[in-house]
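Because the structure is a prediction, the values reported are computed rather than measured. Side-chain atoms are counted along with the backbone in the values below, which use heavy atoms only and exclude waters and symmetry mates.
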Amino acid sequence: MALDTTDDTRDLARLIEDVLEAYPTKARKNRAKHLGVSQPVLDDDAEPDPAAHARAPGIGSACDGVKSNTRSLPGVMTVRGCAFAGSKGVVWGPVKDMVHISHGPVGCGHYTWGQRRNYAVGTTGVDSFVAMQITTDFQEKDIVFGGDKKLSATIDEIRTLFPLANGITIQSECPVGLIGDDIEGVARKKVTEHGITMVPVRCEGFRGVSQSLGHHIANDTIRDWVLEPNAAKHEAAEVGPYAVSVIGDYNIGGDAWASRKLLEEIGLEVVGNWSGDATLAEIERAPRGKLNLIHCYRSMNYICRHMEETYGVPWMEYNFFGPSQIAASLRAIAARFDATIQENAERVIARYQPMVDSILAKYRPRLEGKSVMLYVGGLRPRHVITAYEDLGMVIAGTGYEFAHGDDYKRTGHYVPQGTLIYDDATGFELEKFIEQVRPDLVGSGIKEKYPVQKMGIPFRQMHSWDYSGPYHGYDGFAVFARDMDLAVNSPVWALFDAPWQPAAEPATA
Amino acid sequence: MPQQADKVLDHSQLFQEPDYREMLDNKRVRFECGHPDTMVQEIADWTKSWDYREKNLAREALTVNPAKACQPLGAVFAAAGYAGTLSFVHGSQGCVSYYRSHLSRHFKEPASAVSSSMTEDAAVFGGLNNLVDGLANAHALYQPEMIAVSTTCMAEVIGDDLTSFIQQAKSKGSVPEDFAVPYAHTPAFVGSHVDGYDNMQRGILEHFWAGAERVPDERLNIVPGFDGYAVANNRELKRLLGLMGIEATILSDVSDVYDTPSDGTFRMFAGGTTQDEVMAALNAKATLSLQHYCSRKTLEYCTSVGQETASLHYPLGIGGTDELLMTLQDLTGRPIPESLRLERGRLVDALADSQAYLHGKTYAIYGDPDFVYAMARFVMETGGEPRHLLATNGSKAWAKKLQALLDASPFGKDAQVWAGKDLWALRSILATEPVHLLIGNSHGKYLEQDLGVPLIRLTFPIFDRHHHHRFPTLGYQGGLQVLVRILDTIFDQLDRKAQADPLAAVSFDLTR
């Protein structure tokens with residue numbers, strides 16, 4: 001049974017203490033700052049999160065007591081990735097009509113090859129390059145003599161073999177920054193030679209503390225190598241009064257399509273989606289949009305702020321997980337436009353209501369009261385909470401791999417006080433927390449999936465949607481509900497104990 | 001509005017619904033600014049031409065879809081096969097997340113490893129502090145019996161010296177002085193995962209054997225090599241050894257590591273070769289590697305301590321298994337029992353039963369060097385003709401060795417060996433010189449999609465099919481599994497063709 005999340009704050013605090021016991025002193029001090037229990041809100045004037053409408057009028061708890069965005073401890077089995085993962089894997093990789101070079105040794109591109117499910121329509125290797133591993137495959141001589149020459153020749157060969165690619169990004173791996181290569185110099189030269197967009201990205205894996213800096217660096221390269229040099233292009237673009245860009249939807253399992261559908265149905269014109277299923281043109285056009293709608297705040301807020309300052313495009317956060325947040329978000333988005341759009345939004349919400357009702361009628365009774373622990377990246381640990389609550393489920397704990405303070409502030413809008421909060425949790429902590437809290441479902445990543453399932457606890461991957469999806473929008477919510485049910489209510493969890501063996505004694509290894 | 005509570009559509013069906021099709025068409029036409037359909041088609045056709053092939057094969061700098069990973073992945077895999085062993089990869093932390101994900105996606109199992117999480121300051125000052133603190137943390141939290149240290153390219157580029165770092169960590173009390181911390185330098189910019197496997201194996205053996213006195217006995221050591229099927233293959237190997245009455249130590253045995261039961265307990269450590277076994281393995285009469293290209297440095301070391309050594313190229317099929325058994329017989333003096341002759345006969349029987357469907361089938365095979373060699377050999381035993389044999393991490397020496405195998409059979413006369421080429425090169429090769437069947441791993445599905453050549457997944461990594469690695473490919477029993485996979489693909493193709501065309505429907509035969 002899960003602990004009662006609102007009453008057992010003291011138990012959770014003790015649990016944290018117990019878990020910290022195992023660490024050497026220095027590490028214990030560090031980790032203690034990253035673990036906590038959400039607290040009562042002291043500051044009543046705190047500004048509500050525009051993306052968290054459902055829990056109006058305000059804030060459920062204070063979650064920003066935990067420290068975040070600091071270096072991971074060595075040797076503890078952090079779940080985090082690196083800046084390359086943040087840039088190549090998240091921000092740039094999904095842009096489909098550009099070739100993304102994994103610049104350096106072969107591994108980084110290999111492990112990310114086809115692994116992030118950012119769906120894109122196109123012909124792979126002809127006009128779409130998402131599911132490809134394109135690399136300079138550094139050898140020892142490239143380390144010794146530098147890789148610029150090889151990069152330059154690689155770009156030329158890409159132009160020959162992939163003539164329909166509209167641009168090339170250079171995703172730096174660790175050695176590039178250590179051996180003093182001038183990838184910006186190569187890129188500038190190649191822009192002149194080939195006349196297409198080149199984007200050198202300094203996302204070496206040793207930079208920063210997690211994927212997060214990779215997002216930021218990638219955002220900055222959009223500013224410096226796409227928006228700025230192409231000012232003439234976006235100034236010439238013609239867009240209507242309802243033009244919006246969706247920022248930070250990576251189209252996992254088709255998320256961006258399920259979202260786009262709703263935005264179009266309320267009468268908006270989605271002139272670009274960053275960066276799932278995106279083309280370079282969609283990115284170039286964004287400064288002309290009337291509003292930027294940001295879903296993944298953590299990975300793309302930087303460029304939204306830049307577009308607001310430089311081009312005057314306002315931005316707002318929204319949340320398309322689960323019917324409560326979808327309806328609230330559609331209304332909030334529509335409120336930025338005229339009465340027609342607002343009426344459309346009401347009509348769309350009403351039109352989907354019967355479908356939502358039928359999904360809830362089927363799945364809510366099967367999931368009511370079940371507890372969930374989440375450990376995901378930088379957005380979903382808060383954004384999906386209301387979708388679970390729509391299904392009658394309760395959140396027992398949540399945490400982020402690579403969030404910052406502003407994310408934990410926003411988390412308070414979603415979770416009640418007395419919820420276990422963990423930042424950059426280690427494999428050890430997750431195992432102990434899950435073992436003690438015994439939630440009915442855990443949502444995390446591939447590395448966590450199998451350990452948790454071995455413990456007999458249902459699991460869904462919440463980065464890749466466990467090869468399912470979409471989960472965004474009303475159509476996505478139906479899939480989300482189905483998937484949580486099939487995980488929680490699978491007959492397999494009842495088969496763990498051999499009938500001749502007492503349940504409390506698992507077989508020894 | 002496509003969704004209904006009693007029929008929820010996920011991505012595999014949802015986006016084929018008319019409203020989504022229309023929306024995506026509209027997006028493409030109005031906002032994507034893509035190239036005209038005719039141009040896309042024209043280029044798509046051109047990528048399958050001889051002209052494109054020439055340009056594609058002439059590449060000197062660009063690598064596209066290489067069939068290889070980097071050294072530390074192999075090191076983590078090798079270390080995982082030792083009891084209670086935690087891999088500690090010194091360098092940037094993202095790498096370790098990648099290895100863990102990669103192994104979990106293939107085995108559908110937990111894959112534990114830690115990183116020293118080096119960042120900018122370590123790039124400037126070196127990663128000593130990270131290693132000192134990291135070993136202490138890993139030891140305290142996970143209580144392993146051994147920590148095997150390998151390196152990412154970051155640590156290699158800045159030149160961190162593991163020998164000295166580990167010694168310093170021990171003297172600072174990160175782990176007890178007598179705690180086993182074997183290590184291997186595994187630069188990602190040299191070789192591939194098979195070399196990382198080799199380096200880590202050698203590192204572990206050196207750690208336990210250096211300075212110890214060898215008292216030769218009659219036991220045998222076996223190095224399986226980097227093998228995605230190791231779970232089942234190592235068990236099959238142990239069965240064969242048991243039938244021959246051979247006492248052997250498998251050096252790095254992941255069979256129980258990547259195959260733990262679901263019974264309510266997560267076992268971070270399970271199975272694996274114990275330290276006592278590794279220490280005793282110094283005394284072995286001989287060390288046999290099942291994959292030559294995964295073990296060159298390891299065997300060199302085994303020779304240097306006075307052991308006999310021998311290596312195979314992944315003993316699969318009739319000839320491959322014959323060679324394994326005869327090598328075992330030669331090394332140990334133990335005769336091959338009658339039961340194995342019967343097993344052999346059963347695989348031959350199966351080949352004879354099915355030969356009509358196998359004879360003259362043409363194949364492209366890619367993967368690690370030893371696997372490609374083994375598959376080519378087995379395919380020729382079935383009457384098939386290997387046409388294109390590709391190993392991105394294959395050397396000239398490998399190509400020469402493989403060529404000799406091909407030259408010895410009439411079924412190998414039209415084969416071409418492609419050492420160092422990648423799967424984008426293979427795309428051109430297969431577009432211009434097609435084959436009936438493609439043997440490789442999950443990455444081959446893009447070739448299947450583009451060229452219509454049926455893919456048979458028989459080597460690491462297999463992400464998109466489940467549990468194949470739980471069945472052996474080695475030995476006569478494994479040969480039977482491989483044979484059935486090939487035959488099923490051939491029969492499925494026949495049925496699919498018969499279903500696709502009314503005229504061909506006459507061939508929709510009930511018995512074959």
Pick one of side chain, backbone, both or neither for A:V492, based on which atoms fall under 4.5 Å of a heavy atom in chain B. neither

Answer yes if the side chains of A:K449 and B:S104 hold a donor-acceptor pair under 3.5 Å, and no otherwise. no

Contact origin within B:T260 toward chain A - heavy atom pairs under 4.5 Å: both

Relative to chain A, which segment of B:A113 carries a heavy atom at a distance below 4.5 Å: side chain, backbone, both, or neither? backbone

Show the nearest heavy-atom pair for residues B:W424 and A:F162, with the distance to one decimal. CZ2-CE2, 3.4 Å

As an exercise: rank B:P66, B:S116, B:S442, B:G94 by heavy-atom pairs under 4.5 Å with chain A and give me the winner. B:P66

Contact summary for A:T123 and B:V40, nearest pair of heavy atoms: OG1-CG1, 4.0 Å

Distance-minimising heavy-atom pair for A:K454 and B:F266: CB-CA, 4.0 Å

Which bit of B:M118 is near chain A, if near means a heavy-atom gap under 4.5 Å: side chain, backbone, both or neither? backbone

Side-chain (B:H35) to main-chain (A:D127) donor-acceptor, under 3.5 angstrom: no

What part of A:K149 gets within 4.5 angstrom of chain B, counting heavy atoms only: side chain, backbone, both, or neither? neither

Keeping the roles fixed (side chain from A:K447, backbone from B:R100), state whether a donor-acceptor pair exists under 3.5 Å. no

Only pairs of heavy atoms separated by less than 4.5 Å count here; which of B:I43, B:T47, B:D422 has the most with chain A? B:I43

If one checks every heavy atom of A:D475 against chain B at 4.5 Å, the contacting part turns out to be both

Check each atom of B:A140 against the heavy atoms of chain A and say whether the ones under 4.5 Å are side chain, backbone, both or neither. both

What part of A:M455 is in contact with chain B, defined as an atom under 4.5 angstrom from a non-hydrogen atom: side chain, backbone, both or neither? both

Proximity breakdown for B:F107 and chain A, heavy-atom pairs closer than 4.5 Å: neither

Side chain, backbone, both or neither of B:L423 within contact of chain A (heavy atoms, under 4.5 Å): side chain

Side chains of A:E282 and B:K27: closer than 4.5 Å at any heavy-atom pair? yes

Which atoms of A:R482 come close to chain B, meaning under 4.5 Å heavy atom to heavy atom: side chain ones, backbone ones, both, or neither? side chain

Under the side chain to side chain contact (heavy atoms under 4.5 Å, CB included) criterion, do B:N137 and A:F428 qualify, and how do the steps go? CA-CA 11 Å; B:N137 290 336; A:F428 178 82; over 6 Å; no

Quick one: of A:A281, A:P24, A:C82, who has the most non-hydrogen atom pairs under 4.5 Å with chain B? A:P24

Quick one: of A:D277, A:V121, A:D156, A:V99, who has the most non-hydrogen atom pairs under 4.5 Å with chain B? A:D277

Interface moiety of B:R28 toward chain A, non-hydrogen atoms closer than 4.5 Å: neither

Please flag which part of B:N393 lies under 4.5 Å from any non-hydrogen atom of chain A: side chain, backbone, both or neither. neither

Do side-chain atoms of B:Q93 reach the backbone of A:G81 as a donor and acceptor pair under 3.5 angstrom? yes

With a 4.5 angstrom heavy-atom cut-off, could you sort out which part of A:Q139 is near chain B: side chain, backbone, both or neither? both

With a 4.5 angstrom heavy-atom cut-off, is it the side chain or the backbone of B:M39 that approaches chain A, or both, or neither? both

Donor-acceptor contact present, side-chain B:Y98 to main-chain A:T112, <3.5 Å: no

Interface moiety of A:P451 toward chain B, non-hydrogen atoms closer than 4.5 Å: both

Using non-hydrogen atoms and a 4.5 Å limit, figure out which bit of B:L86 sits close to chain A: side chain, backbone, both or neither. side chain

Please classify the contact of B:D256 with chain A as side chain, backbone, both or neither, using a heavy-atom distance under 4.5 Å. neither

Against chain B, label A:E173 side chain, backbone, both or neither, depending on which of its atoms sit under 4.5 Å from a heavy atom there. neither

Which of A:V270, A:N273, A:V271 passes side chain to side chain contact (heavy atoms under 4.5 Å, CB included) with B:F31? Answer is A:V271

A:Y352 versus chain B, heavy atoms under 4.5 Å apart: side chain, backbone, both or neither? both

In terms of heavy-atom pairs under 4.5 Å, which option from B:N129, B:D19, B:D450, B:V96 contacts chain A the most? B:D19

Which value, rounded to the nearest 0.5 Å, describes the distance between B:C33 atom SG and A:R285 atom CZ? 5.0 Å

Counting only heavy atoms closer than 4.5 Å, note whether B:S112 contacts chain A via side chain, backbone, both or neither. both

Part of A:Y471 within contact of chain B (heavy atom distance under 4.5 Å): neither

So what's closer than 4.5 Å to chain A heavy atoms on B:Q71: side chain, backbone, both or neither? neither

Most contacts with chain A, counted as non-hydrogen pairs under 4.5 angstrom, among B:Y99, B:Y446, B:F463: B:Y446

Taking B:N65 for its side chain and A:Q133 for its backbone only, find out whether a donor-acceptor pair lies under 3.5 Å. yes

Test item: B:T119 side-chain N/O and A:G208 main-chain N/O as donor-acceptor pair under 3.5 Å: no

Specify which of B:K55, B:Q4, B:K68 makes the most heavy-atom pairs with chain A at under 4.5 Å. B:K68

With a 4.5 angstrom heavy-atom cut-off, could you sort out which part of A:A83 is near chain B: side chain, backbone, both or neither? neither

What class does the angle between the rings of A:W257 and B:F15 fall in, given that below 30° is parallel, 30 to 60° is tilted and above 60° is perpendicular? perpendicular

Could you walk me through whether B:C70 and A:Y111 satisfy the side chain to side chain contact (heavy atoms under 4.5 Å, CB included) test, starting with their C-alpha distance in whole Å, then the side-chain angles of each, then the deciding distance to 0.1 Å, before giving a yes or no? CA-CA 9 Å; B:C70 64; A:Y111 308 120; 3.1 Å; yes

Which atom names give the shortest non-hydrogen contact between A:A258 and B:Y20, and what distance separates them? CA-OH, 3.4 Å

Interface moiety of A:R71 toward chain B, non-hydrogen atoms closer than 4.5 Å: side chain

A:C174 versus chain B, heavy atoms under 4.5 Å apart: side chain, backbone, both or neither? side chain

Which atoms form the tightest heavy-atom contact between A:V76 and B:V114, and what is the distance? C-CG1, 4.3 Å

Please find the pair of heavy atoms, one from A:A153 and one from B:A61, that lie closest to each other, and give the distance. CB-CB, 3.6 Å

Please check this pair: side chain of B:Y52 against backbone of A:L161, looking for a donor-acceptor N/O pair closer than 3.5 Å. yes

Pair A:H110-B:H102, side chain to side chain contact (heavy atoms under 4.5 Å, CB included): steps then yes or no: CA-CA 9 Å; A:H110 185 79; B:H102 207 67; 3.6 Å; yes

At a heavy-atom separation under 4.5 Å, does B:L141 approach chain A through its side chain, its backbone, both, or neither? both

Can you check whether A:Y467's main-chain N or O pairs, donor with acceptor, with B:H11's side chain at less than 3.5 Å? yes

Residue among A:R351, A:E448, A:E435 with most heavy-atom pairs under 4.5 Å to chain B: A:R351

Region of A:I252 that comes under 4.5 Å of a non-hydrogen atom in chain B: neither

Test item: B:Q3 side-chain N/O and A:Y474 main-chain N/O as donor-acceptor pair under 3.5 Å: no

